[in-house]
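Okay, structure first, notes after.
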Amino acid sequence: MHMSDGLLNAPTSLLFVAVAVVGVGVALAKARGDLDDRTAPMAGLVAAFVFATQMLNFPVLPGVSGHLLGGALAAILVGPWVGALCVTIVLVVQSLFFADGGVTALGANVTNMALIGTAIGYLTAVALRRLATRNKGGLAAVAFVSALVNTVLASFGFVLEYAIGGQGGVAFGTVAAAVLGVHVLIGIGEGVITAVTVTAVATARPDLVYLLRGVPQKLELKA
Amino acid sequence: MKRFFLGFAVVSLVLAGVVSYFADSDPDGLDHVTEQQGIAEHAQDHPLAGWPLADYAVGGDDRFTGLAGVIGVVLTLAVAGGLFWLLRKRSGVRSDTNSDVR
């Protein structure tokens, strides 16, 4: 879901560079409280996993693919602030080393995938936390739903940015319907990958799942 | 703990280095919509389009996607791991004592 340069006009691109800088700045300030000798290496590995998984486009319609964005996944595993930084680092590495996602578009791409996606994914997971802490199935369901919502609302970020200053003059409703429709399908894939990943980590190391902090670990051993 | 972290790293390396060859090469949802609606006509070439790792290839050769993926995973791990290690709280307290806080 990486925008190239040129899809948004220059003022809009700059506006979202500013939004991204502020958002990432807040995340940097807040992340410190969630990072220690145990969670810092975990967070680095989560970023690397998101990079790897974003390479794995899966088919959603004939001629159309999708890939994980990773905001909900990162937020559930390492928290919203560190999670937003994980996805931001992935997007920066992709743009500056792999020419994937524009450079002036980086602000908008970070806003959509790292800020909106992670925030919404996390808020959804927290709203459903009671279900997530019940058993493995509940955790998987919460991961799935959080990831689906994260994908759809991250894509809505593009719709908004296009409405503010997109090139080509396509009507809001036309862009919104097409973008949101296909991202519901991509979100199902994102939901499955997120549910499988979070459940696997929770099985091996429940203490490394941010969403489960404070939950007595014996609860997590139930299948 | 070490074993888990090592395993997690290996999973990412295998996904990027091997499974990436099986990825769908069709445009993703956003690229598809912007192409269909004529928005993509306004797209500019990436300033690094000619750089050796552009588009997850090595020197434009798709056969090295796996190598590009492994480079990306290592690079991301180095940047993110390095940043998070520098940012972490250095309390001098053993890490396992924080596990149930909050």
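What you see below is based on every heavy atom in this structure, not just the backbone, and it leaves out hydrogens, waters and symmetry mates. In what follows, chains carry the letters A, B, and so on, assigned in the order in which the sequence lines appear, proteins first and then strands, with residues in each chain numbered from 1.
With a threshold of 4.5 angstrom between heavy atoms, B/W51 approaches chain A through side-chain atoms but not through N, CA, C or O. Only the side chain of B/P47 comes within contact range of chain A, with heavy atoms under 4.5 Å apart. At a 4.5 Å heavy-atom cutoff, the contact between B/D55 and chain A is made by backbone and side-chain atoms alike. Contact annotation for B/A78: neither backbone nor side-chain heavy atoms come within less than 4.5 Å of a heavy atom of chain A. With a 4.5 Å cut-off on non-hydrogen atoms, B/T65 touches chain A through its backbone and its side chain both. At a 4.5 Å heavy-atom cutoff, the contact between A/V179 and chain B is made by backbone and side-chain atoms alike. For B/V11, the part sitting under 4.5 Å from any heavy atom of chain A is the side chain, from C-beta outward, and nothing else.
Most heavy-atom pairs under 4.5 Å with chain A: of the set B/L77, B/D28, B/L87, B/V19, this distinction falls to B/D28. Your options are A/V60, A/V82, A/T39, and the one with the most heavy-atom pairs under 4.5 Å with chain B is A/V82. Comparing A/A43, A/S4, A/G66 by how many heavy-atom pairs each has under 4.5 Å with chain B, the most go to A/A43. Contact count against chain B (heavy-atom pairs under 4.5 Å) is highest for A/A52 among A/A200, A/A52, A/G168. Counting heavy-atom pairs closer than 4.5 Å to chain A, the top residue among B/P27, B/A80, B/A23, B/S20 is B/P27. Between chain A and the residues B/A49, B/G82, B/A68, the largest count of heavy-atom pairs under 4.5 Å involves B/A68. In terms of heavy-atom pairs under 4.5 Å with chain B, the best-connected choice from A/G101, A/A204, A/G181, A/A105 is A/G101. If you tally non-hydrogen atom pairs under 4.5 Å between each of B/T34, B/L15, B/V70 and chain A, the highest count goes to B/L15. Ranking A/A48, A/A31, A/P62 against chain B, the residue ahead of the rest is A/A48, based on heavy-atom pairs under 4.5 Å. Note: A/R32 leads A/H183, A/R32, A/H67 in heavy-atom pairs under 4.5 Å with chain B. Most heavy-atom pairs under 4.5 Å with chain A: of the set B/A40, B/A9, B/A43, B/G81, this distinction falls to B/A43. With chain A as the partner, the residue from B/L48, B/I39, B/V73, B/L86 showing the most heavy-atom pairs under 4.5 Å is B/I39.
If you take CG on B/D31 and CE on A/M1, they are separated by 10.5 Å, rounding to the nearest 0.5 Å.
A/F98 has its ring centre less than 6.0 Å from the ring centre of A/F51.
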- Item | Test log, rule side-chain hydrogen bond (donor to acceptor under 3.5 Å, both in side chains), inputs A/Q167 and A/N9 | CA-CA 6 Å; A/Q167 305 284 20; A/N9 62 31; 5.6 Å; no
